[in-house]
Protein chains: 2
Amino acid sequence: MKLTTKGRYAVTAMMDLALHQSEHEYVSLKSIANHQEISVAYLEQIFSKLKAGGLVNGIRGPNGGYRLSRSAETISIFEIIDAVDEPIDITRCHGKKDCQDGEVCLTHGLWTDLSNQISSFLDQLKLGDIVQSERVRKVAARQSMRCTETQQTQHVSFT
Amino acid sequence: MKLTTKGRYAVTAMMDLALHQSEHEYVSLKSIANHQEISVAYLEQIFSKLKAGGLVNGIRGPNGGYRLSRSAETISIFEIIDAVDEPIDITRCHGKKDCQDGEVCLTHGLWTDLSNQISSFLDQLKLGDIVQSERVRKVAARQSMRCTETQQTQHVSFT
DNA sequence: GTTATTTCCGACTATTTTACTTGGTTATTA
DNA sequence: TAATAACCAAGTAAAATAGTCGGAAATAAC
């Protein structure tokens with residue numbers, strides 16, 4: 001798996017859903033866009049993948065929007081990132097194990113170990129855990145108050 | 001930190017050094033290039049960073065090349081990757097903690113936790129550990145026998 | 001039934017990053 | 001003096017990323 005801004009946006013947006021879907025039946029992308037300073041168009045792209053991954057349900061029209069398809073406690077961060085970022089394998093030989101003369105490459109095991117390490121960490125972490133945390137609740141409360149402000153361009157460097 | 005093919009090449013090249021510096025006083029980039037199917041020019045770029053990071057010593061001229069500056073047991077995989085790949089911070093706000101109205105962003109803690117998780121895993125892993133492994137030794141032995149073969153282009157997808 | 005809202009969808013584009021190559025210079029040994 | 005090999009700066013092609021744009025279809029409110 002890969003970690004890009006798209007993946008981070010996805011996690012942030014899913015947290016926004018988890019935090020606000022008690023207030024409104026469905027949460028619109030517009031409101032998420034306001035909270036998180038991501039364009040609606042880009043959120044659409046992200047949510048089409050989240051929907052394809054079965055993580056959210058969407059309905060159209062006025063008062064429409066999205067909901068989590070399951071409880072936040074059962075959705076892992078891994079699932080979210082995995083749904084939006086292209087899967088990649090960290091190994092040089094694409095997991096084929098025959099990158100060099102039909103044998104595994106020198107560092108094959110190292111990269112698969114690392115990959116597993118990251119995946120398992122993110123899979124243990126549930127959306128619900130993060131939403132629970134006190135700090136997140138505070139930030140969310142603050143964000144609710146300031147929904148329309150000048151957009152800052154975020155120059156993000158993690159690809 | 002970032003994980004790119006350059007970082008993987010660096011680790012692989014460092015392993016090659018560790019495996020062969022007992023045979024020759026200094027190991028040339030040419031020989032590494034033959035073993036690992038990386039161009040000498042690209043290896044030069046990588047080694048200039050490894051040298052700047054204090055991980056290797058190089059000397060010029062015939063029979064010249066590189067050596068590990070310390071024992072393989074004391075060099076971590078983290079150090080190697082950190083030396084060649086641009087450092088990046090995984091958080092949206094560049095670690096400033098004031099990405100939104102002077103407070104931390106919604107998922108700030110999540111990304112720093114993940115970043116720390118990855119770094120600590122890679123820092124515990126020493127070059128020596130990997131060289132020790134039986135499998136690696138076997139692959140290295142095989143590679144020693146086939147130093148001049150047609151170059152395969154490796155289409156790597158982990159950025 | 002018309003209008004506003006919102007998801008849905010495909011294609012397009014600018015920028016950045018990656019993964020190299022090229023063309024030299026300098027040091028060292030034989 | 002010739003060969004070898006590190007050293008260095010800059011350039012480049014391809015890929016990936018981070019979006020935008022223009023519409024179409026569904027639904028609710030009026």
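Between the CD atom of Glu44(B) and the P atom of dT22(C) there is a distance of 13 Å, rounded to whole Å. The distance from atom CG of Leu43(B) to atom P of dA19(C) is 14 Å, rounded to the nearest whole Å. Per the geometry, OH belonging to Tyr66(B) stands 6 Å off P belonging to dA6(D), to the nearest Å. Distance Tyr26(B) OH to dA6(D) P: 12 Å, rounded to the nearest Å. If you take CG of Asn57(B) and C1' of dA27(C), they are 16 Å apart, rounded to a whole angstrom. If you take CD of Glu25(A) and P of dT7(C), they are 14 Å apart, rounded to a whole angstrom. The nearest whole Å value for the distance from the CD1 atom in Ile46(B) to the C1' atom in dC7(D) is 15 Å.
Not one side-chain nitrogen or oxygen of Lys6(B) sits closer than 4.0 Å to the OP1 or OP2 atom of dT18(C). Phosphate contact (OP1/OP2 of dT17(D), side-chain N/O of Tyr42(A), threshold under 4.0 Å): absent. Within the 4.0 Å cut-off from OP1 or OP2 of dG19(D), at least one side-chain nitrogen or oxygen of Tyr9(A) is found. The shortest distance between the side-chain N/O atoms of Lys30(A) and the OP1/OP2 oxygens of dT5(C) is not below 4.0 Å. Contact annotation: Ser39(B) reaches the phosphate of dT21(C) (side-chain N/O to OP1 or OP2, under 4.0 Å). For dA18(D), one of the phosphate oxygens OP1 or OP2 lies less than 4.0 angstrom from a side-chain nitrogen or oxygen of Thr5(A). Between Thr4(A) and the phosphate of dA18(D), there is a side-chain N or O to OP1/OP2 separation shorter than 4.0 Å.
Across all their heavy atoms, Ile46(A) and Ala10(A) have their closest contact at CG2-CB, 3.8 Å. Contact record, Leu68(A) with Leu17(A): CD2-CD1, 3.8 Å, taken as the closest heavy-atom pair. When all heavy atoms of Ala13(B) and Phe47(B) are compared, the pair lying nearest together is CB-CE1, 3.7 Å.
Here the side chains of Ile32(B) and His20(B) are not in contact, with every heavy-atom distance at 4.5 Å or above. For the pair Lys126(A)/Ile75(A), no side-chain contact is recorded, criterion being any heavy-atom separation below 4.5 Å from C-beta on.
Contacts of Tyr42(A) classified as ring pair (Phe, Tyr, Trp, His ring centres under 6.0 Å), with partners at least two apart in sequence or in another chain: Tyr9(A).
Using a 4.0 Å heavy-atom criterion, one finds that Ser48(A) contacts no nucleic acid atom at all.
With dA30(C), dC7(D), dT27(D) as the candidates, the nucleotide lying closest to the side chain of Pro62(A) is dT27(D). Nearest to the side-chain atoms of Ala41(A) among the listed nucleotides dT29(C), dT20(D), dC9(C) stands dT20(D).
When the C1' atoms of four end pairs are superposed on the next four at each end of the helix from dG1(C)-dC30(D) to dA30(C)-dT1(D), using five pairs per end, the two resulting axes differ in direction by 10°, to 10°.
At a threshold of 4.0 Å, the pair Glu79(B)-Arg70(B) counts as salt-bridged, since one of the basic side-chain nitrogens sits closer than that to a carboxylate oxygen.
Position along DNA chain C of the nearest nucleotide to Gln45(A) versus Gln45(B) favours Gln45(A) as the more 5'-ward residue.
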